[in-house]
2 protein chains.
Amino acid sequence: MSPRTEEQNALLKDERREHILSAALRVFAMRGFAATKIKDIAAKGNISHGLVYHYFQSKEDIFFELVSRALHVAGESLMYVDAMPLSPLEKVRETARFILGSIEQGQESSCYFMIVLHASVMEISEEEKNRVFKGGDVPALTLSKILAEGQKQGEIKEGDVYGMTSVFFAAITGLAVNKLGFPGMKMPDPEILVQMVMK
Amino acid sequence: MSPRTEEQNALLKDERREHILSAALRVFAMRGFAATKIKDIAAKGNISHGLVYHYFQSKEDIFFELVSRALHVAGESLMYVDAMPLSPLEKVRETARFILGSIEQGQESSCYFMIVLHASVMEISEEEKNRVFKGGDVPALTLSKILAEGQKQGEIKEGDVYGMTSVFFAAITGLAVNKLGFPGMKMPDPEILVQMVMK
DNA sequence: GTCTATATCCAGATAGAC
DNA sequence: GTCTATCTGGATATAGAC
């Protein structure tokens, strides 16, 4: 019987962590931080209550790990679209389609949006907030850059780029959260978002 | 020493209730239902913990009273704008200006938006949800009606009125919530929302 | 590595003094 | 009407058995 290598152990441990995180995602999204009980996460993941503490130090740890991932993935996605060989307007269209599509198709994206939202209104110190939301402005900065380029090229409406960006993301967040509260809701045509900025 | 009449007593009682509700508003908005402790509400209102239960039956009672008010006021506001002697497009503009203005000027509106949002993702039975959100679709129905009229008159873009409505409200909700999490944030020009639907 | 049992704390709600 | 004291349940986190 060959003992597992350290590497294999680390992999198994990672898988377990992923399992717990994925179980925690929905629960945190729906109930918020405080209302989520470790017991609920454990039940969702079919493991015992105590085992959760074998993989994470605390409830906060799990929550902020999810927040961090959400922000990271959002940033990556925007930068990915930005790197595509498309005109600025097409990049906006691609972004709108991609995000609304992922919200439409399952609840996972919506859960991430909701978790970030929960985190953003949590009462934590300014320092802590800065740490948690480190890099959280990458999506907005990237979109702003795209819009500014589009204005130069005459594809995008003149006006406050920062304002357009915040409305764009606010709308997406709002839709995601709505979808979570009312799953029957149909996502609107992404083109509506595009027309908001299109000349 | 003249004893207070029943009427005066009722008025005082109402004032006290209002006092508690207003103290509860921010706390519920920021922390959500579960994380809000009766103690916090009492502290915010400078009254004792036990006294809260003299005016309300339970924590839920306070919360759902606030949700109900938020929905009621939102419906009233939209119907008020709709009754104004304005073209459909102007009604949309007035709505956007009014709501963004009230979010800009203080936190109260944002708190109401956030509370509705908390309520919408709460895990309650379908029945209960229907009861809590009774009349909650009045704003959306009213705006949809306005947009449809605007399309007939050629002021509003052709396309899915339901989609435009949901993006419009999603954007506003998203902005309100953002403002709550990051108070320094500037509200965008309402015109951005108007241009989303304007032909 | 996984579970059960439990220590410790704190919250919602009530009772009863003033 | 308002407060303080208390009952009771339940949640986080830990300890220790297997």
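Chain A is the first sequence line, chain B the second, and so forth, proteins listed ahead of strands; every chain is numbered from 1.
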query = Do B/Met198 and B/Lys157 come close enough that some side-chain heavy atom pair is under 4.5 Å?
reply = no
request  = Consider only side-chain N and O atoms of A/Ser87 and A/Gln153, and report whether a donor and an acceptor are under 3.5 Å apart.
outcome  = no
Send over the distance from [X] [atom1] to [N] [atom2], rounded to a whole Å.
X: A/Asp61; N: D/dT12; atom1: CG; atom2: P; result: 14 Å
X: B/Lys13; N: D/dT2; atom1: NZ; atom2: P; result: 10 Å
X: B/Arg16; N: D/dC3; atom1: CZ; atom2: P; result: 7 Å
X: B/Tyr55; N: C/dA13; atom1: OH; atom2: P; result: 18 Å
X: A/Arg17; N: C/dG1; atom1: CZ; atom2: C1'; result: 16 Å
X: A/Ile20; N: C/dC3; atom1: CD1; atom2: P; result: 10 Å
X: A/Leu12; N: C/dT2; atom1: CG; atom2: C1'; result: 14 Å
X: B/Leu51; N: D/dG1; atom1: CG; atom2: C1'; result: 7 Å

inquiry  = Please classify the nucleic acid contact of A/Phe56 as base, sugar-phosphate, or nothing, using heavy-atom distances under 4.0 Å.
reply    = nothing
N/O donor to acceptor pairs below 3.5 angstrom from side-chain atoms of residues 168-184 of chain B, sequence neighbours left out:
residue  : atom : partner  : partner atom : Å
B/Thr173 : OG1  : B/Phe169 : O            : 2.9
B/Lys179 : NZ   : B/Pro183 : O            : 3.2
B/Lys179 : NZ   : B/Met185 : O            : 3.1

query = Quick one: does A/Asp40's side chain have a donor or acceptor within less than 3.5 Å of a partner on A/Lys37's backbone?
reply = yes
ask   = Is it true that a side-chain atom of A/Arg17 and a backbone atom of A/Tyr55 form a donor plus acceptor pair closer than 3.5 Å?
value = yes
query = Would you call A/Arg69-A/Glu18 a salt bridge at under 4.0 Å N-O?
reply = yes
key: Charged N-O contact under 4.0 Å between B/Glu191 and B/Arg93   = yes
task = Among A/Lys91, A/Glu90, A/Glu76, find the one that has a side-chain contact (heavy atoms from CB on, under 4.5 Å) with A/Val81.
result = A/Lys91
request  = Mind checking which stems touch DNA chain D? I mean at least 3 consecutive Watson-Crick or G-U pairs, both distances under 3.5 Å.
outcome  = C:1-18 with D:1-18
Under 3.5 Å, which N/O atoms of the protein pair with N/O atoms of nucleotides 8-12 of chain C?
residue : atom : partner : partner atom : Å
C/dA11  : OP2  : B/Lys39 : NZ           : 3.2
C/dG12  : OP1  : B/Thr36 : O            : 3.2
C/dG12  : OP1  : B/Ile38 : N            : 3.4
C/dG12  : OP1  : B/Lys59 : NZ           : 3.3
C/dG12  : OP2  : B/Ile38 : N            : 3.0

Cation-pi check, B/Lys59 onto B/Phe33 ring (under 6.0 Å, within 45° of axis) = yes
key: Among D/dT2, C/dC3, D/dC3, the nucleotide that comes nearest once only the side chain of B/His54 is considered   = D/dT2
